[in-house]
Amino acid sequence: MVEEYQALVRNNTWTLVPFHPSMNVIDSKWIFRVKYNSDGTIQRYKARLVAKGFQQYASVEFTDTFNPVIKASTIRVVFTLAVTYNWEIRKIDFNNAFLN
């Protein structure tokens, strides 16, 4: 949790502002997950802080939405290129990714 929180602060994920009674405060919660090695042993523990976005009002508290998902067709193209050019395929797990 400490690593995740420090990354959020380091990347200026949010701005703290003084509370006003007219504000809609968005709750958040921690999601925990255990990552395992292929032999079943524990590789590491993961924690992610997520906002309860369903408490927000469109066009008031946000104007855009973002879903960090890659299309299946993109994965197929990358795998096709890797097979064609005999590239090595590796799995990468980013600890904390912020896209602009």
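Each residue takes its place number in the sequence, starting with 1. Side chains included, hydrogens not; waters and symmetry mates left out as well; all remaining heavy atoms used.
Distance NZ/Lys35 to CZ/Arg44: 6.0 Å, rounded to 0.5 Å. If you take CG on Leu49 and CE on Met1, they are separated by 8.0 Å, rounding to the nearest 0.5 Å. Going from atom CH2 of Trp30 over to atom CZ of Arg48 covers 10.5 Å, rounded to the nearest 0.5 Å.
Remark: side-chain polar atoms of Thr84 are paired, donor with acceptor, to backbone N or O of Thr80 under 3.5 angstrom.
Following chains of ILVMFWY side-chain contacts shorter than 4.5 Å, one can reach Ile89 starting from Ile75, so the two form part of one hydrophobic cluster. Cluster annotation: Tyr5 and Ile31 are assigned to distinct hydrophobic clusters (Ile/Leu/Val/Met/Phe/Trp/Tyr, side-chain heavy-atom contacts under 4.5 Å, transitive).
Crowding of Tyr85 atom OH: a count of heavy atoms from other residues, nucleotides or ligands under 6.0 Å not exceeding 12. Taking a 6.0 Å sphere around OH of Tyr45, one finds it holds 12 or fewer heavy atoms contributed by other residues, nucleotides or ligands.
Scanning all heavy atoms of the two residues, the minimum distance from Ile42 to Asn37 falls at O-ND2, 4.0 Å.
Contact annotation: the side chain of Val77 approaches that of Leu81 to within less than 4.5 Å [non-hydrogen atoms, C-beta and beyond].
With 3.5 Å as the limit, one finds a donor-acceptor pair spanning the side chains of Thr41 and Asp39.
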